[in-house]
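Throughout, numbering of the chain's residues begins at 1 and tracks the sequence.
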Amino acid sequence: MSNTYPFDLAIIGGGPAGYTAALYAARASLRPIVIEQGMPGGQIATSDEIDNYPGIPMISGAEMGTKMQEHAESAGSTTKYAMVTGLTRTEAGTFKIATDQEEIEVPAAIIATGATPRPGNFKGEESYRGRGVSYCATCDGMFYRGKHVFIIGGGNTAAEEAIYLSRIASKVTMVIRRDEFRAPRGMVQRVLKQDNIEVRYLTSIVEVSGEGMLTDITFKNNETGELTHETYDAGSFGIFVATGYLPNTDLVKDFVELAQDGGVVADENMATKTPGLYVAGDMRHKNLRQVITAASDGAIAATSAYHYLEETGQLD
């Protein structure tokens, strides 16, 4: 089934970047459609609490996502729940977006498909995600003030998060599966200077458990294979998985340039190398992946798309 929608702009992804883009596009009198496969908010919808978005203290990710959707739709945006299965560019320069329901053709598109945290691959990880297992120190670190935190990873991200959390937590334990860091030497030296950071080399977390809240961690010595079990008071500690992010770029990899971290390279206007195609949010190559930076990207991408459509004479 093929159906050309009367939309100027398609936004793939209904997270903070996508819905901010939709809001700005609608307020600029464009006709945007957001295509989302799950629930509004994207990755933040799995967070119980968000406390670092200015002016909105202590809100759940699901509630924030819903409010963003409602705000965009009140301005004139449309949401379609569908799975996007493909993206092609026509000879005329328009974009055809294939979904599991129909095909949508638009003159400009913003891709805001986000990024997925690399998993720690231990038993119980998914069960306690957002309830003791976190993936972002700047997002969730304040919930562990004065507590003990474990950080999985030995790369640059893990080292940065350890230093950040050392100012908040009473103790930081880095769990590194190898016998050395992968982070740059200067960063490692900064980590090792912190009195409240401990490093466990050749170690992996293989399981976490607890009744309601985390209480137990099982560690594995990667050299000997020996397992050790540690028990803590409920609510006294947390685990941060800091093994990096995987930008979700499969849909656009043929139309864009990818950076070394796997993110899409875009200019300051969120434009890719393909005219009329913009990116926003965590799937973009960037240093900080936060709700506020995703929203900023979305606003810029929508404004850029408006100017592109205006300059190419594609506005009514």
Side-chain angles (χ1 to χ4, degrees), residues 16-17 43-44 46-47 49-54 61 114-122 125 129-130 132-205 208 217 237-249 258-266 281-297:
Q43 187 176 307
I44 68 165
T46 64
S47 298
E49 296 177 332
I50 294 175
D51 193 33
N52 60 353
Y53 195 88
T116 304
R118 294 180 187 272
N121 294 319
F122 52 88
E125 179 177 6
R129 183 179 180 131
V133 176
S134 300
Y135 298 83
C136 175
T138 52
C139 306
D140 300 331
M142 294 303 292
F143 300 124
Y144 296 93
R145 179 174 294 280
K147 298 181 181 181
H148 185 182
V149 296
F150 295 85
I151 298 177
I152 300 175
N156 196 59
T157 298
E160 289 178 348
E161 301 233 314
I163 293 171
Y164 178 85
L165 288 168
S166 71
R167 305 185 185 105
I168 300 171
S170 60
K171 181 178 180 180
V172 177
T173 299
M174 298 191 69
V175 181
I176 302 177
R177 62 186 178 86
R178 300 167 55 177
D179 61 356
E180 61 181 0
F181 281 84
R182 290 184 293 106
R185 181 179 299 178
M187 181 63 72
V188 174
Q189 290 175 345
R190 289 180 60 197
V191 168
L192 298 179
K193 284 182 180 179
Q194 306 302 314
D195 293 336
N196 64 336
I197 297 181
E198 172 188 275
V199 183
R200 298 188 188 182
Y201 297 101
L202 291 168
T203 303
S204 297
I205 291 177
V208 297
I217 311 177
F237 73 98
I239 297 172
F240 285 81
V241 181
T243 52
Y245 285 83
L246 297 171
N248 300 321
T249 60
L258 298 179
Q260 189 173 5
D261 68 352
V264 176
V265 175
D282 289 1
M283 53 98 64
R284 188 171 73 84
H285 170 60
K286 59 197 303 185
N287 293 324
L288 183 63
R289 291 182 168 93
Q290 294 282 282
V291 176
I292 195 165
T293 61
S296 173
D297 287 356

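- Once rounded to the nearest 0.5 Å, the distance linking CZ of Phe150 with OG1 of Thr203 reads 11.0 Å.
- For the pair Val208 and Glu125, the minimum side-chain heavy-atom distance is 4.5 Å or more.
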If you apply the rule ring pair (Phe, Tyr, Trp, His ring centres under 6.0 Å), what do you find for Tyr144 with Phe240, and how did you get there? CA-CA 11 Å; Tyr144 296 93; Phe240 285 81; 5.4 Å; yes
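- For Asn121, the side-chain hydrogen bond (donor to acceptor under 3.5 Å, both in side chains) test picks out no residue, with sequence neighbours left out.
- The salt bridge (charged side-chain N to carboxylate O under 4.0 Å, His left out) contacts involving residues 151-170 comprise nothing, where partners must be two or more places apart or lie in separate chains.
- Counting heavy atoms from C-beta outward, Ile239 and Ser134 have side chains that stay 4.5 Å or more apart.
- Lys147 meets the salt bridge (Lys or Arg N to Asp or Glu O under 4.0 Å) test with no other residue; sequence neighbours excluded.
- Using a 4.5 Å cut-off on side-chain heavy atoms (C-beta onward), Ile50 and Ile44 make contact.
- In Arg190, the CZ atom is not crowded: 12 or fewer heavy atoms of neighbouring residues, nucleotides or ligands sit closer than 6.0 Å.
- Take Arg289 and apply the salt bridge (Lys or Arg N to Asp or Glu O under 4.0 Å) test, not counting sequence neighbours, and it matches Asp261.
- Take Asp297 and apply the side-chain hydrogen bond (donor to acceptor under 3.5 Å, both in side chains) test, not counting sequence neighbours, and it matches Arg284, Lys286.
- Interatomic distance, CG of Leu288 versus OG1 of Thr293, reported as 5.0 Å (0.5 Å rounding).
- Among pairs with a residue in residues 134-191, those fulfilling disulfide (SG to SG under 2.5 Å) read Cys136-Cys139, at least two apart in sequence or across chains.
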Can you give the donor-acceptor pairs under 3.5 Å from side chains of residues 171-182 to other protein atoms, not counting sequence neighbours?
{"residue": "Thr173", "atom": "OG1", "partner": "His148", "partner atom": "NE2", "Å": "2.8"}

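- Side-chain contact check for Arg129 versus Pro117: some heavy-atom pair is nearer than 4.5 Å.
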Going through the checks in order, is the side-chain contact (heavy atoms from CB on, under 4.5 Å) test met by Leu258 and Val265? CA-CA 6 Å; Leu258 298 179; Val265 175; 6.0 Å; no
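- Scored by the side-chain hydrogen bond (donor to acceptor under 3.5 Å, both in side chains) test, Ser166 finds no partners at all (sequence neighbours excluded).
- In terms of heavy-atom proximity, Ala162 sits nearest to Ile197 at O-CD1, 3.7 Å.
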Determine all donor-acceptor pairs shorter than 3.5 Å in which one atom belongs to a side chain in residues 241-248; sequence neighbours excluded.
{"residue": "Thr243", "atom": "OG1", "partner": "Arg118", "partner atom": "O", "Å": "3.1"}
{"residue": "Tyr245", "atom": "OH", "partner": "Tyr135", "partner atom": "O", "Å": "3.0"}
{"residue": "Asn248", "atom": "OD1", "partner": "Thr116", "partner atom": "OG1", "Å": "3.2"}
{"residue": "Asn248", "atom": "ND2", "partner": "Thr113", "partner atom": "O", "Å": "2.9"}
{"residue": "Asn248", "atom": "ND2", "partner": "Gly114", "partner atom": "O", "Å": "3.3"}

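- No side-chain heavy atom of His285 sits under 4.5 Å from any side-chain heavy atom of Val264.
- When all heavy atoms of Thr249 and Met283 are compared, the closest pair comes out as CG2-O, 4.0 Å.
- The two residues Ala159 and Ala183 come nearest to each other via the heavy atoms CB-CB, 4.0 Å.
- Nearest heavy atom pair, residue Ser170 against residue Gly146, reads OG-O, 3.3 Å.
- The structure places CZ of Arg200 at 13.0 Å from CD1 of Ile151, a figure rounded to the nearest 0.5 Å.
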